[in-house]
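Side chains included, hydrogens not; waters and symmetry mates left out as well; all remaining heavy atoms used.
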2 protein chains.
Amino acid sequence: MKRKITLKHIARELDVSISTVSKALKNSEEIGQDTKEKIQAFARLYNYRPNNIAISLKNKKTKNIGVIIPDIVHHFFTTVFRGIEQYANAKGYNVIVCVSDESFDKEVINMEMLANGSIDGFIMALAGETQLKNDYNHLKEVTEQGIPLVLFDRVTDEIHCDKVIINDEEAAYLAVKKLIASGRKKIALVTTEGYLNVSAKRTEGYYRALREHGLEVKPDLVLELPYQKEDDKKSEAFFKNRSMDAVLCVNEIFAVKSMGIVQRLGKRVPEDIAFVGFTDGILSRLSTPTLTSVDQHGELMGETAARMLIEKIENDHDQEEEESYETQIIRATLVERESTLGQV
Amino acid sequence: MKRKITLKHIARELDVSISTVSKALKNSEEIGQDTKEKIQAFARLYNYRPNNIAISLKNKKTKNIGVIIPDIVHHFFTTVFRGIEQYANAKGYNVIVCVSDESFDKEVINMEMLANGSIDGFIMALAGETQLKNDYNHLKEVTEQGIPLVLFDRVTDEIHCDKVIINDEEAAYLAVKKLIASGRKKIALVTTEGYLNVSAKRTEGYYRALREHGLEVKPDLVLELPYQKEDDKKSEAFFKNRSMDAVLCVNEIFAVKSMGIVQRLGKRVPEDIAFVGFTDGILSRLSTPTLTSVDQHGELMGETAARMLIEKIENDHDQEEEESYETQIIRATLVERESTLGQV
DNA sequence: TTGTAAGCGTTATCAC
DNA sequence: GTGATAACGCTTACAA
């Protein structure tokens, strides 16, 4: 087993001082040509690599960024993560991920773990529970310590920091508007219980589109489902007992499931009922019929978040006080597929 | 901005030495009751938290584990990751993820970055390119340095280390056997090009099942598709021009796509053609018809890998030389759904 | 009971 | 040109 070699080893072996070795390896002008060559050759031979931890301690920079997301087995978060990871990596940063599992406590614990020196900044989407509790002290503490923070998707007005969101309200509005333009009149909504931030905004957009086009807003055309738990009974009853010609769903899982239920009830998609989902993932592309869906551009979102964060991290030293925070809005786009084909 | 406080600050403030503070905060018997209380109160007040980096440097343990996977927007890897993350977190470890993107170079770079002190051990699945090149020097170096490594799913015999795999060959064998038992006789295979390890094993299982049941092995009933790129033309031609009554696919994406194509060609699933996929993910549950699929138990796999790794990490100090490596086999299970219903 | 000092691996400043 | 020294934040023998 060849253990990792340190400056000290090289110094001892070549009978020079540690600082000489350090400088030689940085090709410093101070060091004589022959000594440099000798040291560099030795270092190469033994495959010397500086110890990241020691450098972190010295520089007070870890070159790590902490990402805390509610769930990892989830297309959207995964996509955002890829955007973060790619950008960060290109900039020489590593990414430490923690999953809050929608739990407030886990979010707090993970944040505290990472905040004690492990990372230079955070990128996160709030846990559902955190949004419900409306308790953001853990975020406040972190920002007060001067650790840069970027929130994405699941954000809050309570915290002043950089944010990246999509135009949820508008995207839903535009999707519904399109349905209306194609002749649909009885448009239902399938959304989540418990009012996650984003679902709430999408719901607003849905209502606004109806109102602005003089369509009646019927509360009984709105179905609220639990966020993760499967509950097909409720959906079946909903679709069986109501008349509608289009459905907006706040995510693609709800949409694909609903399409399945509706088709089993003998209705045709899109002829009888059109469907639009959010989160343009693999399900949308592979369902039958393929699903028209709002693409949230997760990867771009992640990249944007990472860019904002790294920007803050690397400029932190000078402008101490002139805190200026930005909210970037990623414009969602509607990807049209079979589930909304045709004019009614 | 309240900057993070250190032992030194506390010591200076309370006019004691750093070591006294350190000991007091660990509730050491050495320190007098009143001093302890004074120090602890002060620390609590200013919310003192030890700096992880300093501790890492001291202990030569980072409490981080490095995970390198080919892709993150991928149900199976994501599931494994969740298993790793949960177990690791419960044991007080954080997880640093790097994505190799199926690239050999990225895999090497990421490994080297992390190996220089950032992590205590690796869990990884090999990049496709790495398996093709058959070059594992980066893994060798890491293990020779005494950094524990656990490979999962995409493994290699070239490296001696702990491994976690599923019984791919057997799982495919059993799936095909089941198809045969239900009366299917002309069974096709949809697999990946380039022979990823796992696909190759599944292919073997497919062949073995046919042979053992006296069915003819027809090479033209085997379709090889590119791993990621969409190429529907090829599939369409395949299904249009051949007669078959069942299909085994090496992943659920291939399966769901194929089902779509076949249905568009006017055939019924499962009446005319039965389908079985691998990777029991969300697609399998939500496709129409729902897909019978081999559950690879990713989460268990991740948890197992994390357990093996942490075990090695925490026992490294004593048994230096008596290297004993283990290969855990997770038994895949067939989840039967609509796509294989009924007897022919 | 408290403090001093060395050490983890590096870098930077200053002396020789 | 080269080396000693201090520092990053913490732990821990060992002194006092």
Whole-Å distance separating the [atom1] atom of [X] from the [atom2] atom of [N]:
X: I55(B); N: dG9(C); atom1: CD1; atom2: C1'; value: 17 Å
X: L14(B); N: dT2(C); atom1: CG; atom2: P; value: 12 Å
X: N52(A); N: dT11(C); atom1: CG; atom2: P; value: 11 Å
X: D15(A); N: dA4(D); atom1: CG; atom2: P; value: 10 Å
X: D34(B); N: dT2(C); atom1: CG; atom2: C1'; value: 12 Å
X: E29(B); N: dT12(D); atom1: CD; atom2: P; value: 15 Å
X: I10(A); N: dT11(C); atom1: CD1; atom2: P; value: 11 Å
X: L25(A); N: dT2(D); atom1: CG; atom2: P; value: 13 Å

Need one value for [X]: base, sugar-phosphate or nothing, where a base atom within 4.0 Å counts as base even if backbone is also close, heavy atoms only.
X: K58(B); answer: base
X: S19(B); answer: base
X: K26(B); answer: sugar-phosphate
X: L57(B); answer: base

Measure from the side-chain heavy atoms of [X] and tell me the nearest of [options].
X: K60(A); options: dT12(D), dG3(D), dC8(D); value: dC8(D)
X: K8(B); options: dT2(C), dC8(D), dT12(D); value: dC8(D)
X: N51(A); options: dG3(D), dT10(C), dC8(D); value: dT10(C)
X: T35(B); options: dT1(C), dC10(D), dT2(D); value: dT1(C)
X: S17(A); options: dC10(D), dA4(D), dT10(C); value: dA4(D)
X: A54(A); options: dT10(C), dG1(D), dT12(D); value: dT10(C)

Problem - Side-chain N,O (T20(B)) to OP1/OP2 (dG3(C)) below 4.0 Å - result: yes

Exercise for the section: Answer yes or no: does a side-chain N or O of Y48(B) lie under 4.0 Å from OP1 or OP2 of dG9(D)? Expected result: no

Handout entry: Aromatic contact, F104(A) with H138(A) (centres under 6.0 Å)
Key = yes

Exercise for the section: Check whether the side chain of K23(A) and the base of dG3(D) form a donor-acceptor pair under 3.5 Å. Expected result: yes

Handout entry: Distance-only donor-acceptor test, S22(B) side-chain atoms vs dT11(D) base atoms, 3.5 Å
Key =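 There is none.
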
Exercise for the section: Can you measure from CD1 (I31(A)) to NZ (K26(A)) and round to the nearest 0.5 angstrom? Expected result: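 Answer for the CD1-NZ pair, I31(A) versus K26(A), is 12.5 Å.
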
Exercise for the section: Have a look at Y325(B) and tell me which of T143(B), D162(B), V150(B) forms a side chain to side chain contact (heavy atoms under 4.5 Å, CB included) with it. Expected result: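 Per the side chain to side chain contact (heavy atoms under 4.5 Å, CB included) rule, the option paired with Y325(B) is D162(B), out of T143(B), D162(B), V150(B).
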
Completion exercise
Between N59(B) and G32(A), the residue closer to the 5' end of DNA chain D by nearest nucleotide is G32(A)

Problem - Side chain to side chain, Y48(B) and L25(B), heavy atoms closer than 4.5 Å - result: yes

Handout entry: H9(A) vs E30(B), nearer the 5' end of DNA chain C by closest nucleotide
Key =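 The residue closer to the strand's 5' end, by nearest nucleotide, is E30(B).
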
Problem - Atom NZ of K91(B) with >12 non-hydrogen neighbours under 6.0 angstrom - result: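 Incorrect, the count does not exceed 12.
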
Practice task
For atom CG of N134(A), decide whether the heavy atoms of other residues, nucleotides or ligands shown that lie under 6.0 angstrom number more than 12.
Solution key: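 Yes, enclosed.
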
